[in-house]
Engineer: 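I'd like to ask you about the structure that follows.
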Amino acid sequence: QLQVVESGGGLVQPGGSLRLSCAVSGISLEYVAIGWFRQAPGKEREGVSCISSRGGNTKYVDSVKGRFTISNNNAENTAYLQMNSLKPEDTAVYYCAAAPLQPMCNTEPSEYDYWGQGTQVTVSS
C-alpha cells in the first residue's frame with residue numbers, strides 16, 4: 001500500500017537551512033504528485049510547494065520563493081524540500097502529501113489522498 005514517511009525537521013537559528021525528506025513506498029514517485037504543507041499554531045493549513053509526477057511543474061507560495069526548493073530523487077523514491085534563509089515565521093508543523101496519477105500539481109490540501117505524520121520545524125534564536 002502507498003505510504004508516506006517524513007523526516008528532517010528540527011530546531012534551527014534564523015538564516016539557517018534545513019532539508020525535509022518525503023519517502024514514498026508502494027508506488028513509484030514517477031506516478032505521484034507531491035505537495036508540502038505547513039500549519040502554524042492558530043492558523044489554517046497552508047500550501048507551501050508542490051511538484052508534478054515527472055518534475056516538470058512546480059509551484060511555491062510567495063513567502064518562500066527564492067528560499068525553498070522542491071525536488072524529486074527517483075532513484076531513492078524520495079521527494080525533498082530544501083529550506084534556506086529560514087525565518088521565525090517559517091515555524092510550523094510541515095506535512096508531505098501524495099496524489100497518485102496527477103500530472104499537474106497544486107497546493108490545495110483537498111486534492112491529496114495520502115499524508116505523512118508531520119515534522120516540526122522551529123526557527124528561533
Side-chain angles (χ1 to χ4, degrees):
Q1 292 184 309
L2 197 156
Q3 295 185 64
V4 179
V5 180
E6 301 167 338
S7 62
L11 174 64
V12 297
Q13 295 185 347
S17 297
L18 203 62
R19 188 175 74 160
L20 304 183
S21 299
C22 177
V24 177
S25 61
I27 189 172
S28 172
L29 202 60
E30 295 178 315
Y31 298 98
V32 180
I34 295 293
W36 284 97
F37 303 83
R38 65 186 180 187
Q39 189 162 19
K43 296 185 177 181
E44 295 184 351
R45 191 184 306 163
E46 175 189 30
V48 177
S49 183
C50 69
I51 185 168
S52 63
S53 59
R54 296 191 178 275
N57 174 233
T58 60
K59 296 179 181 178
Y60 299 90
V61 67
D62 287 344
S63 60
V64 309
K65 288 181 178 178
R67 300 189 297 120
F68 291 11
T69 302
I70 190 170
S71 63
N72 287 340
N73 187 315
N74 291 329
E76 299 176 351
N77 220 50
T78 300
Y80 295 95
L81 184 67
Q82 178 67 45
M83 305 185 295
N84 299 326
S85 302
L86 284 163
K87 304 175 181 180
E89 50 263 45
D90 295 318
T91 297
V93 177
Y94 283 71
Y95 298 90
C96 180
L101 306 178
Q102 292 291 325
M104 303 291 287
C105 78
N106 63 73
T107 53
E108 297 182 1
S110 62
E111 298 296 321
Y112 291 83
D113 303 307
Y114 301 92
W115 293 78
Q117 76 285 353
T119 184
Q120 177 70 50
V121 173
T122 302
V123 185
S124 177
S125 59

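Here, residue 1 is the first one in the sequence, and each next residue gets the next number.
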Engineer: If I compare all heavy atoms of A98 with all of V4, which pair ends up nearest, and what's the gap?
Structural biologist: CB-CG2, 4.1 Å

Engineer: Tell me whether V5 shares a hydrophobic cluster with L20, the cluster being built from Ile, Leu, Val, Met, Phe, Trp, Tyr side chains joined at under 4.5 Å.
Structural biologist: no

Engineer: Could you pull out the closest heavy-atom pair between A92 and A40, with the gap in Å?
Structural biologist: CB-N, 3.9 Å

Engineer: Mind checking whether S49 and T107 have side chains closer than 4.5 Å, heavy atoms only?
Structural biologist: no

Engineer: Give a yes or no on whether the backbone of G15 and the side-chain of K87 come within a donor-acceptor separation of less than 3.5 Å.
Structural biologist: no

Engineer: What do the steps show when you test L86 against L18 for side-chain contact (heavy atoms from CB on, under 4.5 Å), and what is the final call?
Structural biologist: CA-CA 8 Å; L86 284 163; L18 203 62; 3.9 Å; yes

Engineer: Could you pull out the closest heavy-atom pair between T58 and C105, with the gap in Å?
Structural biologist: CA-SG, 4.3 Å

Engineer: Is M83 close to V12 at the side-chain level, that is, under 4.5 Å between some pair of heavy atoms?
Structural biologist: no

Engineer: Nearest 0.5 Å please: distance from the OG atom of S21 over to the CG atom of L81.
Structural biologist: 10.0 Å

Engineer: Apply side-chain contact (heavy atoms from CB on, under 4.5 Å) to the pair V24 and Y114, showing each step before the final yes or no.
Structural biologist: CA-CA 10 Å; V24 177; Y114 301 92; over 6 Å; no

Engineer: Tell me, do Y112 and N106 make a side-chain contact under 4.5 Å, heavy atoms counted?
Structural biologist: yes

Engineer: One pair to check against side-chain contact (heavy atoms from CB on, under 4.5 Å): T91 and Q120. What are the steps and the verdict?
Structural biologist: CA-CA 8 Å; T91 297; Q120 177 70 50; 4.1 Å; yes

Engineer: In terms of hydrophobic clustering (I, L, V, M, F, W, Y; side-chain heavy atoms under 4.5 Å; direct or indirect links), are V32 and Y95 co-clustered?
Structural biologist: no

Engineer: Are more than 12 heavy atoms from other residues, nucleotides or ligands located less than 6.0 Å from atom CD of E44?
Structural biologist: no

Engineer: With the side chain counted from C-beta on, respond yes when C22 and W36 share a heavy-atom pair under 4.5 Å apart, and no when they do not.
Structural biologist: yes

Engineer: Taking the side chain as every heavy atom from C-beta outward, state whether S17 and Q82 have any atom pair closer than 4.5 Å.
Structural biologist: yes

Engineer: What's the shortest heavy-atom distance between R45 and P109, and which atoms?
Structural biologist: NH1-CB, 3.8 Å

Engineer: Can we say D62 and K65 salt-bridge, meaning some charged N sits less than 4.0 Å from an Asp/Glu carboxylate O?
Structural biologist: yes

Engineer: Answer with yes or no whether the side chains of N73 and T78 bring together a donor and an acceptor at under 3.5 Å.
Structural biologist: no

Engineer: State the SG-CD1 distance between C50 and I34, to the nearest 0.5 angstrom.
Structural biologist: 10.0 Å

Engineer: Closer than 3.5 angstrom, by distance alone: can the side chain of S52 be matched with the main-chain N or O of N57 as a donor-acceptor pair?
Structural biologist: yes

Engineer: What is the minimum heavy-atom distance between T69 and Y60, and which atoms define it?
Structural biologist: CA-OH, 3.5 Å

Engineer: Kindly give the heavy-atom pair with the smallest separation between S63 and E46, and that separation in Å.
Structural biologist: OG-OE2, 4.3 Å

Engineer: Out of curiosity, does I70 fall in the hydrophobic cluster containing Y94 (side-chain heavy atoms, cut-off under 4.5 Å, transitive links)?
Structural biologist: yes

Engineer: Are the side chains of I51 and N72 in contact, using a 4.5 Å heavy-atom criterion?
Structural biologist: yes

Engineer: Starting at CG of N74, measure out to CZ of R54 and round the result to the nearest 0.5 Å.
Structural biologist: 8.5 Å

Engineer: For the residue pair P100 and D113, establish whether any side-chain heavy-atom pair is separated by less than 4.5 Å.
Structural biologist: yes

Engineer: Going through the checks in order, is the side-chain contact (heavy atoms from CB on, under 4.5 Å) test met by R67 and S85?
Structural biologist: CA-CA 6 Å; R67 300 189 297 120; S85 302; 3.9 Å; yes

Engineer: Do R19's NZ or CZ and the ring of Y80 fall within the cation-pi criteria of under 6.0 Å and 45°?
Structural biologist: yes

Engineer: Report yes if some heavy atom in the side chain of W115 is under 4.5 Å from a heavy atom in the side chain of F37; otherwise report no.
Structural biologist: yes

Engineer: Quick one: does N77's side chain have a donor or acceptor within less than 3.5 Å of a partner on I27's backbone?
Structural biologist: yes

Engineer: Any chance you could measure R38, atom CZ, to E89, atom CD, to the nearest 0.5 Å?
Structural biologist: 8.5 Å

